[in-house]
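In what follows, a single structure is set out as structure tokens and then discussed.
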Amino acid sequence: MPREIFQDKDNLNQRYHRKRALYLSHIAQHLSKEKLFGSVKFAYMNSNHLKPILLLRPQGKDEKVVTVRLHACPTSDLFKPSRFYPSKNNVRTAWFMEQSTPKEGTTEPPTPHYNNSILCDTVMLSHLHFLSNAATDFPGMKDGVALLKVWLNQRQLSKGLGCFSGFLVSMLVAYLLMKRKIVKMMSGYQVLRSTLQFLATTDLSVTGISLAKDADPSLPVLDDFHQAFEVVFVDPSGLVNLCADMTASKYHQVQLEAKRSMEILDDRMVDGFQVLLMTPKPMLRTFDHIFHLKHVSKLQGTCKKMELLNELMDRGGNYVAAALPFVVSLLARGLSQRAQLVAHSLPQIPEWPIDADPPKHKDVGPLTFGLLFVPEFAASTLEKGPQADHPEALEFRTFWGEKSELRRFQDGSICEAVVWEASTACQKRLIPEQIIRHLLKLHADIPESSICYTGALLESVIRTGKEAGGTGEEAMVSVVCSYDDLSRKLWNLKELPLMVTAVQGVHPALRYTDVFPPIPMKPIYSFHKRSKHFLLPSEEKPCPAYITPLKIICHMEGSGQWPQDKGAIKRIKAAFHLQLAELLRQQHQLVCRPAVTHTDVYKDGYVFRLQVAYHREPLILKEVVTPEGMLKYQDTEESRLLELETLHLPYLTSSLHGLQQQHPVFGSTSRLAKRWISAQLLSDSISEECVDLLVAFLFLHPAPFTPPSSPQVGFLRFLNLLATFDWKNNPLIVNLNTGLTDSDCTEIKNKFVASRSRLPVMFLATPKDQWSSMWTQERPSAQILQRLVLLASESLRALEEQLMDPLSDQDVKMVFRPPLDFYDVLIHLNPSQIPRLLESVDRPVKSVSRGVVKNSSAMNILFPVVDYDPVQLYLQELRNAFDDLALFFYDKHGGEVIAVLWKPLSFQPQPFKVSSMRGKKVTTLNNELVCIPNVEAILEDFEILGEGLVKSVEARTEKWTI
């Protein structure tokens with residue numbers, strides 16, 4: 001800008017800034033008449049409203065690609081630098097408050113941010129020369145800075161007010177070059193590593209750094225900068241703080257990301273490049289809990305409450321910029337034990353056309369805050385303060401307000417403390433929400449209605465029962481306790497011919513991943529038909545409640561007495577089932593119901609299904625005698641299933657049980673994932689074990705994230721994993737109990753690539769199952785996997801939109817309601833015959849009595865109806881009868897619709913054969929007799945097969961006309 005337009009004292013009261021803006025508007029008006037430009041717009045430099053810049057885009061097809069940014073700046077010697085030291089004032093209070101005369105005897109506060117914004121303009125040119133000198137003869141710098149910019153972009157750190165911009169990172173690389181931490185011989189990757197290493201180990205909010213070479217004694221020192229700014233990085237002139245607008249929280253986030261990235265680069269098991277530079281980290285999937293400040297205009301009240309007039313003057317009236325650092329440090333203090341990071345989104349102001357009004361401060365939209373928890377303390381109900389007679393006690397009381405009270409602790413001390421109300425695990429996870437709402441109301445004057453806390457919105461779909469109790473964690477713990485007690489009783493049974501050597505649970509509830517854990521029940525006799533010792537469903541009444549049998553494998557010790565013939569082994573096992581029932585009844589008064597293949601035990605209101613196993617049985621099932629009389633061992637379907645049930649499933653269950661002990665939200669995350677798959681009608685198309693392993697992968701290999709500490713973020717990452725993992729070209733390696741070394745992983749990958757065509761479409765490798773991917777062998781099929789990937793990416797998009805927009809209605813159940821227009825036939829079911837109706841996503845308003853009461857102490861009872869779900873039996877019949885014609889889909893958690901999809905191949909006309917006329921009718925095509933499926937008759941069969949259960953069959957005819 002020409003010297004002539006400036007006068008003395010232009011450094012005061014925004015005169016310089018206003019002249020700069022006028023100068024730019026004049027240029028804008030002139031350039032807007034040129035044919036050369038497609039668009040001329042204003043924007044703010046890094047969203048700082050004192051510093052508009054001009055955006056020029058060329059006419060034609062390049063308009064989308066090229067943007068020229070015009071910055072206006074004065075000559076470097078226009079102002080005396082000493083006027084702009086961090087401790088000086090350049091905005092007078094009387095002018096800012098629009099008073100005519102200043103009050104007597106008031107001292108003017110320093111305005112470091114204001115001063116910094118003017119100084120920035122005077123050194124722009126020198127920064128350009130400084131950077132180009134650093135980059136000469138140093139090709140690695142260009143690559144390294146490009147990588148660092150990608151790294152910052154993927155973490156959403158590089159745009160907005162107080163961002164860690166690309167310019168800043170280039171200056172940082174130049175600083176490291178000056179300090180000889182980087183040399184000009186280095187490659188781009190080494191520059192990336194050295195910079196991340198420096199960021200990870202240096203806290204610029206405590207010890208700032210400076211690019212100024214020779215110490216001029218008149219210049220301000222680093223301590224002066226630290227008093228004025230949260231983060232300090234001084235430029236070569238020794239005057240400008242390059243990190244002036246950055247909050248300490250934002251720098252700590254950069255620091256934490258750099259630490260995490262260094263760990264990833266040093267981990268041989270992870271593909272560092274893919275994870276660090278190719279994986280975006282939006283706030284929703286990075287932080288355990290997210291909340292939004294819906295109306296940023298409420299921060300005006302915060303500035304009043306916290307008395308931030310000086311900050312407002314310094315920031316030119318921008319109340320968002322003035323209040324944000326104080327709000328964040330308030331929250332960080334309140335959550336100091338619970339959260340390792342309280343982060344915030346960067347306020348961003350959009351560009352605007354030159355003939356429109358500029359955006360206001362509130363146009364930055366909602367502010368988003370992210371919390372990263374310390375899993376051990378995040379959910380503790382107690383905030384223990386100093387002892388009552390200590391001076392800090394007063395400070396503690398002022399900070400927590402009326403929530404603070406004196407309490408006596410077990411060690412006899414009397415301390416200030418805050419106790420938060422929360423009884424269930426899911427309420428304890430939301431204690432941070434209580435803290436945030438309380439502190440913001442108390443100290444920042446932000447009403448609760450302006451805070452939209454989206455940390456646990458999704459958990460409502462796995463709530464159990466009508467009352468808003470927990471999300472089933474407590475129910476799961478009591479199942480596991482009852483099981484532990486039963487296994488002790490089995491170990492110590494007397495008078496058994498062989499000892500029980502191991503008791504292993506295989507039901508998902510025993511690894512904490514059952515979507516709706518069983519609740520202790522006692523049957524109401526009048527609701528059922530009676531048989532001698534047990535109850536049967538009654539035809540007049542609705543279907544009784546679904547009681548799931550919890551399967552347990554009892555391994556018996558080996559002995560020479562065991563027969564070597566498979567039929568005989570089955571009979572011996574049946575005898576054991578009878579004997580177990582008899583002894584449990586005699587020695588522990590438990591009600592049992594023995595069968596040939598298992599024994600059901602009613603205990604504490606649960607039904608456990610015991611199944612005896614003999615360790616050599618799978619081997620005996622593999623025996624095959626060749627025609628020459630040789631004995632050969634080969635896998636048969638029967639032996640594979642038995643091994644799965646008695647060996648692999650117990651191992652998987654105990655491994656995942658262990659994982660739950662390390663990561664308390666593993667179970668709930670897995671339950672959300674299964675609930676979603678079931679809601680999409682695909683639960684029969686993918687095994688529960690497979691979903692459990694996919695979720696375990698997120699906890700064992702979370703890079704570039706930290707392991708999830710809330711079910712919601714775990715579920716969002718699960719959807720992202722399904723949608724983005726390259727199933728075709730990569731095996732998913734789930735390293736349970738760290739049983740695989742990196743050479744094992746390499747070997748798995750190489751073998752996988754070599755024999756890809758013969759392997760399942762979704763290939764999961766675990767330490768005990770490296771080559772066969774046993775949980776995904778049959779299902780999902782390629783079409784189902786493709787459908788899953790599509791549904792996951794759509795659901796993720798919809799959820800992220802909802803959760804990131806606090807002004808929407810936030811109906812997150814939307815992604816749990818499947819699209820039905822994709823199917824050919826819908827079979828509507830009669831709700832009173834669906835035993836799990838209460839588990840549906842949208843719960844029925846009035847519920848039917850199901851003939852049970854909650855009770856865990858009943859002892860002598862008639863045996864309840866176990867594992868009876870009419871819909872599943874009906875589905876089984878449909879699949880047996882019409883498997884060649886159609887696929888059937890159903891949500892087993894209380895779905896009211898069975899969706900049917902015709903198989904296209906079965907609708908091609910077949911030549912007429914008398915033997916294969918099931919479900920077909922004859923018609924003539926080109927003077928030949930052909931068979932086509934008789935759809936009308938088949939639909940009628942659907943109704944006849946499901947009489948009493950089926951309400952109506954809705955055919956969407958246009959889909960299958962031939």
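Given the structure is predicted, the values throughout are model-derived calculations rather than measurements.
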Checklist line | F326 and H443 aromatic centres sub-6.0 Å | finding: no
Notebook entry, point to check: Does a salt bridge link K250 with E230, judged by any charged N lying under 4.0 Å from a carboxylate O?
Noted result: no
Next item on the list: Check the pair Q427 / S423 against side-chain hydrogen bond (donor to acceptor under 3.5 Å, both in side chains), numbers first and verdict last.
Entry: CA-CA 6 Å; Q427 285 166 341; S423 51; 2.8 Å; yes
Notebook entry, point to check: Is a side-chain donor or acceptor of D288 paired with a backbone partner of S709 at a separation under 3.5 angstrom?
Noted result: yes
Note to self: Could you walk me through whether S678 and Q680 satisfy the side-chain hydrogen bond (donor to acceptor under 3.5 Å, both in side chains) test, starting with their C-alpha distance in whole Å, then the side-chain angles of each, then the deciding distance to 0.1 Å, before giving a yes or no?
What the structure shows: CA-CA 5 Å; S678 183; Q680 301 300 341; over 6 Å; no
Notebook entry, point to check: Taking the side chain from Q660 and the backbone from P664, do they hold a donor-acceptor pair closer than 3.5 Å?
Noted result: yes
Next item on the list: Assess the side chains of N48 and H113: does a donor N or O sit below 3.5 Å from an acceptor N or O?
Entry: no
Next item on the list: Compute whether any side-chain donor of one residue and acceptor of the other, for Q253 and S249, lie under 3.5 angstrom apart.
Entry: no
Next item on the list: Answer yes if the side chains of S345 and Q156 hold a donor-acceptor pair under 3.5 Å, and no otherwise.
Entry: no
Notebook entry, point to check: Between S670 (side chain) and F666 (backbone), is there a donor-acceptor pair under 3.5 Å?
Noted result: no
Check: Hey, is K403 close enough to E383 for a salt bridge, meaning N to O under 4.0 Å?
Finding: no
Next item on the list: Answer yes or no: is there an ion pair linking E801 with R797, defined by an N-O contact shorter than 4.0 Å?
Entry: yes
Check: Do T368 and H344 have a side chain donor and acceptor closer than 3.5 Å?
Finding: no
Check: CZ of F718 to CZ of F697: how many Å apart, nearest 0.5 Å?
Finding: 12.5 Å
Next item on the list: Examine R315 relative to Y114 and say whether NZ or CZ is less than 6.0 Å from the centre of the six-membered ring and inside a 45° cone about the ring axis.
Entry: no
Check: Do E351 and R57 meet the salt-bridge criterion of a basic N to acidic O distance under 4.0 Å?
Finding: yes
Item checked: Non-neighbouring partners of D842 that pass salt bridge (Lys or Arg N to Asp or Glu O under 4.0 Å), sequence neighbours left out -> R817
Next item on the list: With R338 as the cation and F373 as the aromatic partner, state whether NZ or CZ is under 6.0 Å from the six-membered ring centre and within 45° of the axis.
Entry: no
Notebook entry, point to check: Will you find, in the side chains of S261 and E263, an N or O donor that is under 3.5 Å from an N or O acceptor?
Noted result: no
Notebook entry, point to check: Taking atom types as modelled, is there a side-chain donor on H289 or Y453 under 3.5 Å from an acceptor on the other?
Noted result: yes
Next item on the list: Give the intermediate values and the outcome of side-chain hydrogen bond (donor to acceptor under 3.5 Å, both in side chains) for residues T381 and K428.
Entry: CA-CA 7 Å; T381 51; K428 283 182 184 156; over 6 Å; no
Check: Any luck finding a side-chain donor-acceptor pair between S158 and N153 under 3.5 Å?
Finding: yes
Next item on the list: May I ask you to say whether E433 pairs ionically with R437, meaning some side-chain N is under 4.0 Å from a carboxylate O?
Entry: yes
